[in-house]
Amino acid sequence: MAIPEILRNNSLLGGLLDFFIPPLCLGCSCYYDGDDGICADCRDSIIYTKRPVCLQCRESLPGGKINCPVCGPDSLILLALGEYDSPLSDLIIQMKFKGIKRLANEFAVQVVKRLGPEIQCFKADCLVPIPLQVSRERKRGYNQAELFAAKLSELLEIPVNDSILVRKGRRSPQAKLELSRREANIKNVFEAVIDDEDCEDGLKLILVDDVVTSGATVREAAKCLKSAGHEVVAIISISHKV
Ligand SMILES: [Zn+2]
Ligand SMILES: [Zn+2]
């Protein structure tokens with residue numbers, strides 16, 4: 001029996017429900033023993049990314065490096081939990097479209113467990129979640145990248161800055177477009193907010209998103225932040241869709 005997520009989120013009611021009706025794994029819908037939403041089989045089936053990847057040449061980086069040896073200092077380095085394949089892709093869909101927000105926490109825990117030391121090598125000042133289109137966030141009620149970034153921030157002890165980058169206007173969802181059209185669709189969609197009072201010049205930033213595919217969105221965000229004097233040193237995502 002599927003139990004509405006809102007009931008499971010209530011600690012007292014959720015505990016009673018878990019006792020009488022055990023939760024289903026959010027990846028494969030089997031009954032399992034646990035409360036984090038993912039059964040052991042699904043956890044083992046995720047194709048985890050072991051090393052940071054350069055978004056330009058798609059090569060893995062050697063350990064401890066913060067720039068791609070081939071592409072140099074302008075390379076954008078992606079640290080992703082795993083490849084966009086089942087069951088990770090199914091879990092991300094549950095988080096984004098079915099209101100299962102607690103998965104964002106679990107993804108952050110897994111990213112930090114597997115890539116925490118690599119992330120700390122970048123010595124970032126802030127984490128910046130990629131903003132959603134306002135109308136889309138209003139409809140969904142949350143931005144999954146913000147939820148993911150909030151838990152990452154707690155675990156990595158790097159603050160979130162969710163006011164430095166804003167999204168303007170309405171665009172088609174990137175996922176619905178062919179790869180060749182994504183760059184044009186996302187062009188000039190972001191604006192960097194300059195706050196003189198906070199003296200926030202020259203920050204080293206890590207962008208946070210749920211899925212990175214062509215990299216067009218994060219590249220555009222990085223370009224925008226760079227024009228405001230900041231440096232995007234890396235990107236963290238739950239999944240990399242190759
Ligand atoms: Zn499962
Ligand atoms: Zn490269």
Side-chain angles (χ1 to χ4, degrees), residues 1-3 5 8 14 17-18 21-111 113-115 118-119 121-122 124 179 183 204-207 209-210 212-223 226 231-242:
M1 183 197 296
I3 301 297
E5 183 63 11
R8 292 247 187 241
L17 277 170
D18 287 351
I21 310 167
L24 299 177
C25 167
L26 295 163
C28 65
S29 303
C30 71
Y31 287 108
Y32 77 110
D33 193 13
D35 58 5
D36 49 16
I38 311 170
C39 76
D41 281 350
C42 282
R43 230 173 249 288
D44 291 345
S45 309
I46 292 173
I47 306 163
Y48 293 103
T49 311
K50 294 188 177 66
R51 305 229 55 83
V53 171
C54 169
L55 273 182
Q56 252 149 289
C57 66
R58 307 269 161 175
E59 291 292 325
S60 297
L61 256 65
K65 294 273 184 233
I66 56 166
N67 281 317
C68 169
V70 178
C71 305
D74 287 336
S75 48
L76 268 184
I77 306 302
L78 174 68
L79 299 111
L81 176 63
E83 287 181 25
Y84 193 82
D85 208 340
S86 188
L88 187 56
S89 50
D90 305 323
L91 293 164
I92 291 172
I93 288 168
Q94 301 266 4
M95 175 190 69
K96 273 174 95 158
F97 303 112
K98 308 277 168 134
I100 318 284
K101 295 190 267 183
R102 66 196 156 104
L103 278 173
N105 288 349
E106 182 55 27
F107 292 139
V109 168
Q110 293 302 322
V111 166
K113 190 171 138 193
R114 289 162 194 280
L115 295 164
E118 298 281 358
I119 296 168
C121 284
F122 290 91
L179 289 183
E183 204 163 311
K204 287 168 101 175
L205 307 171
I206 293 182
L207 294 175
D209 207 356
D210 53 349
V212 171
T213 309
S214 70
T217 302
V218 289
R219 242 191 300 273
E220 184 67 23
K223 191 178 85 185
K226 193 176 174 186
E231 185 189 359
V232 171
V233 291
I235 295 132
I236 301 176
S237 73
I238 298 162
S239 176
H240 186 196
K241 202 171 176 180
V242 188

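Just so you know, ligand 1 is whichever comes first in the structure, and atom 1 is the first atom listed for that ligand. Note that this is a predicted model, so its numbers are computed, not measured.
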Item to complete: Can you establish whether the number of heavy atoms outside Asp44 located under 6.0 Å from its atom CG is more than 12?
Response: yes
Worksheet item: What pairs meet the side-chain hydrogen bond (donor to acceptor under 3.5 Å, both in side chains) rule with one or both residues in residues 78-91, with sequence neighbours excluded?
Response: Ser86-Asp90
Worksheet item: Going through the checks in order, is the side chain to side chain contact (heavy atoms under 4.5 Å, CB included) test met by Phe122 and Leu79?
Response: CA-CA 11 Å; Phe122 290 91; Leu79 299 111; 3.9 Å; yes
Worksheet item: How many protein N, O or S atoms are found at a distance of less than 2.8 Å from the Zn ion (ligand 2)?
Response: 4
Worksheet item: Crowded around Lys65 NZ? As in, over 12 foreign heavy atoms under 6.0 Å?
Response: no
Practice prompt. Just jot down the side chain to side chain contact (heavy atoms under 4.5 Å, CB included) partners of Val111, sequence neighbours excluded, or say none.
Written response: Leu81, Ile119, Phe148, Leu152, Ile236
Worksheet entry | Candidate pair Asp210 and Phe107, rule side chain to side chain contact (heavy atoms under 4.5 Å, CB included), full reasoning | CA-CA 10 Å; Asp210 53 349; Phe107 292 139; over 6 Å; no
Worksheet item: the Zn ion (ligand 1): which protein N, O or S atoms are under 2.8 Å away?
Response: Cys25 SG, Cys28 SG, Cys39 SG, Cys42 SG
Worksheet item: How about Lys50: does its NZ atom have over 12 heavy atoms from other parts shown lying under 6.0 Å from it?
Response: no
Worksheet entry | Short N-O contact, Glu59 and Arg51, less than 4.0 angstrom | no
Practice prompt. Of all the heavy-atom pairs spanning Arg219 and Leu55, show the shortest one and how long it is.
Written response: NH1-O, 4.0 Å
